[in-house]
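Here's the structure, in structure tokens; my notes come after.
No hydrogens, no waters, no symmetry mates; every other heavy atom, side chains included, goes into these values. Sequence lines set the chain letters: A, B, ... in the order given, protein chains first and strands last, and positions in each chain run from 1.
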Amino acid sequence: MNYLDELNERQKEAVLHEGSPLLILAGAGSGKTKTLTYKAAHLVHTGKASPEQILLVTFTNKAAQEMRNRVVKVTGQYLPSVGTFHSMSCRILRTHGREIGIEPEFVIYDAGDQEDLVKAISREMELDPKRYKPKSLVTAISQTKQEMVDAGTYSNLARGQFQEIVARVYLEYQKRMAKYKALDFDDLLSKAVSLLQANNETLKYYQDKFRYVFVDEYQDTNTAQYTFTKLIAKANRGLVVVGDASQSIYKWRGADYRNILKLRQDYSDLKEIRLERNYRSTQTILDAAHGVISNNRSHPILALWTEQNDGEKISLIEAYTAGDEARKVNEEIQKLKSSGVNFQEIAILYRTNAQSRAIEEMFIRSGIPYVLVGGTKFYERKEIKDVLAYLRVMLNPEDGVSYGRSEKNGKRRLADLLLNREKYMDGQHTASEILEYVLTSTKYLTKFDEDLDEDVARIENVKELAAVAQEFEDLHSFLENVALVQAEYYAGEKTKDNREAITLMTLHAAKGLEFRAVFMVGLEEGLFPHARSMADNEEMEEERRLMYVGITRAKERLYLSFARQRTVWGTEGNQQRSRFIDEIDPKLIESLNSSATYLPHPPSDFVRTKNTGIRIDALSEDTLDDFLSGEISVEELLSR
DNA sequence: TACTCACGCATTTTT
DNA sequence: TGCGTGAGTA
């Protein structure tokens, strides 16, 4: 029983609670994973549940993996039903999908496949691609599915020209998907729900099977996920959810933190426990985070506290340009490094991917190793998608999207592939053998030039895919894994040559991670909060939650920076510092700017740069940058 | 079939 | 401004 001693009072209360559904409101860094896994472990340990009776759902494979490992560590037992919403739904559909007309051989379409299909449909329907962008149509269909509105129902509800077009596309889309034996990510969830709603016996089977249902990151559930959880947990009411409304940052993907509030209506005896003791950050960082998030009005806010001391103040970096910002960040990193902070303990967080460039350039110049998180994912690379398309054609030549994609790579290649297709699809061949056949019959790799670095990398990627295929018995499980398990990033990853590296990523990607020192860059109105979020209060609150998530990633040191001038989409603009900076108590902040480079705030038109009195917004960003990096002198600057 | 060029578009992206 | 897409051409 000694594992209980590792928990604080609130955590222990959560672990020991029984008899009614439980909502754990867990703040950032409050040990929610520990609490959730120990609770599962406790049920197993005390014999209240067998490992098979616990369903533990997460949003990412990484979280699932971590939960699995931690339960094994505490109990020595393996929980077979720990996984993402999508993988769990997928498993259910593979076994019981037939009951609602879904054959178990379905393949999973990702966003790119969806778009290809919508494009094809839209072409056939002769829609104006400018007026009805395939992406917008996909988004509309996706949102509709998340609300579990099927194509037929939507057609009846559609009002206005756009919705009516969406309805037509949606109907055709579903028709094709059925023909191609394909499900998209939203289908996995909504069809699983349909199945449970359609067949009472199946529902009962899962309700009996899973006496306990655990859900992580509950604030990020959409309607389909909410319903899925509710259905399965209904009979036994062994529901345990963990969430924090302040960390809900995926509204644009259908996440609705209000699902937390709904629980109170769903279960009158809902037990609510707050985990507000933070084990990650200094009190200064927590106070800053609270200062920001308390400006939000629409959701509950936790008051985090720590037994740690106040720690260092938050550093504010004011820069002239994006390049100057990168330079100043670089300087601070050098200081951190010499004070004993390792590169892998440092992260640079930004709102948009485009911001990484200036930072990267700086790091390359100063020789600082870094790892960029995000960008094109492995399975989204063209060469990988091409090979996967061939594999799907092997599985099902009726798969229109994959057939179309393969055709684009040459009709000849496709014809050669189909020649011996049946021989290889006799059920006797492994995923690896079929992949081998795909590559030899289509001679796909010959389209690459071995003298081009870029092409060599592509060939390498295909080889890597082939290596992954070896881990799977049949083609189906291989393809399923490819669709549902993206290669994930782990905090403190090293560079290719195995040097410890600084992490660069978006704020969204940083959720769930922690670093000793965090730099949040580009804190400017229009960038963060993003211009697209400024008109709408709901969206502004989401931006603020993103700021909150960013701040709470930091353990010891937090740096906030902004630039006075920044080029966005080719046009230079004068920037104003983010309102979020001003939502932090100034007593918690110290400015790192020396008086020589002091920038007046709020930004005025004039600035004293080393006493030259040059009006900076009369200079181009490049000129200013050259001056600041010492490439041109004051005299040269004045002459320009 | 492969390449070129003009055009449009540009927030975040767990599965 | 810089990239990806898609139509058009050799």
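One atom, CZ of A/R131, and another, P of B/dG8, lie 17 Å apart when rounded to the nearest Å. Residue A/F448 contributes atom CZ, which lies 11 Å from atom P of B/dA2 at whole-angstrom precision. Between the P atom of B/dT13 and the CG atom of A/L372 lies a distance of 11 Å, rounded to the nearest Å. The CZ-C1' distance, from A/F59 to B/dT12, rounds to 16 Å in whole Å. Rounded to an integer number of Å, the gap from A/E538 CD to B/dT11 P is 20 Å. Rounded to an integer number of Å, the gap from A/K511 NZ to B/dT12 P is 17 Å. Distance CG (A/D536) to C1' (B/dT12): 15 Å, rounded to an integer number of Å. Across the protein-nucleic acid pair, A/D128 atom CG and B/dG8 atom P stand 12 Å apart, rounded to whole Å.
Using a 4.0 Å cut-off, no side-chain N or O of A/T60 falls inside it from OP1 or OP2 of B/dT15. One finds no side-chain N or O of A/R253 lying less than 4.0 angstrom from the OP1 or OP2 phosphate oxygen of B/dT13. Residue A/N353 places no side-chain N or O under 4.0 Å from the OP1 or OP2 atom of B/dT11.
Here A/F59 and A/H86 keep their ring centres 6.0 angstrom or further from each other.
Between the side chain of A/Q146 and the backbone N or O of A/R253 there is at least one donor-acceptor pair closer than 3.5 Å. Put simply, the side chain of A/D416 never gets that close to the backbone of A/T442: no donor and acceptor are under 3.5 Å apart. At least one donor-acceptor pair closer than 3.5 Å links the side chain of A/N295 to the backbone N or O of A/V292.
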Would you tabulate the pairs of protein nitrogen or oxygen atoms and nucleotide nitrogen or oxygen atoms of nucleotides 6-8 of chain C closer than 3.5 angstrom?
from: C/dG6; atom 1: OP1; to: A/K119; atom 2: NZ; distance (Å): 3.1

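For the pair A/R131 and A/F162, the NZ or CZ position fails the cation-pi test of under 6.0 Å to the six-membered ring centre and within 45 degrees of the ring normal.
The residue A/G512 sits apart from the nucleic acid: no heavy atom pair falls under 4.0 Å. Note on A/K447: nothing from the nucleic acid sits closer than 4.0 angstrom, heavy atoms only. Contact annotation for A/Y250: base contact, defined as any heavy-atom pair under 4.0 Å involving a base atom.
Across B/dT12 and C/dT5, the matching P atoms stand 16 Å from one another, rounded to whole Å.
A residue-by-residue look at A/L188 and A/L546 shows that A/L546 has its nearest nucleotide of DNA chain B further toward the 5' end. If A/R412 and A/W252 are placed on DNA chain B by their nearest nucleotide, the residue sitting closer to the 5' end is A/R412.
The side chain of A/F185 lies closest to B/dT15, out of B/dT11, B/dT15, B/dC9. In the set B/dT13, B/dT11, B/dT15, B/dT15 carries the atom at the smallest distance from any side-chain atom of A/N61.
For the 3.5 Å distance criterion, the side chains of A/T139 and A/S142 fail to qualify, holding no donor opposite an acceptor. One side chain, A/Q114 or A/D184, offers a donor N or O that lies under 3.5 Å from an acceptor on the other.
Side-chain contact between A/M534 and A/P529 is present, with at least one heavy-atom pair separated by less than 4.5 Å.
Here A/H530 counts as stacked on B/dT11: its ring centre is under 5.5 angstrom from the base ring centre and the planes meet at under 30°.
For B/dT12, the base has a donor-acceptor partner in the side chain of A/R351 [N/O atoms by modelled type, under 3.5 angstrom].
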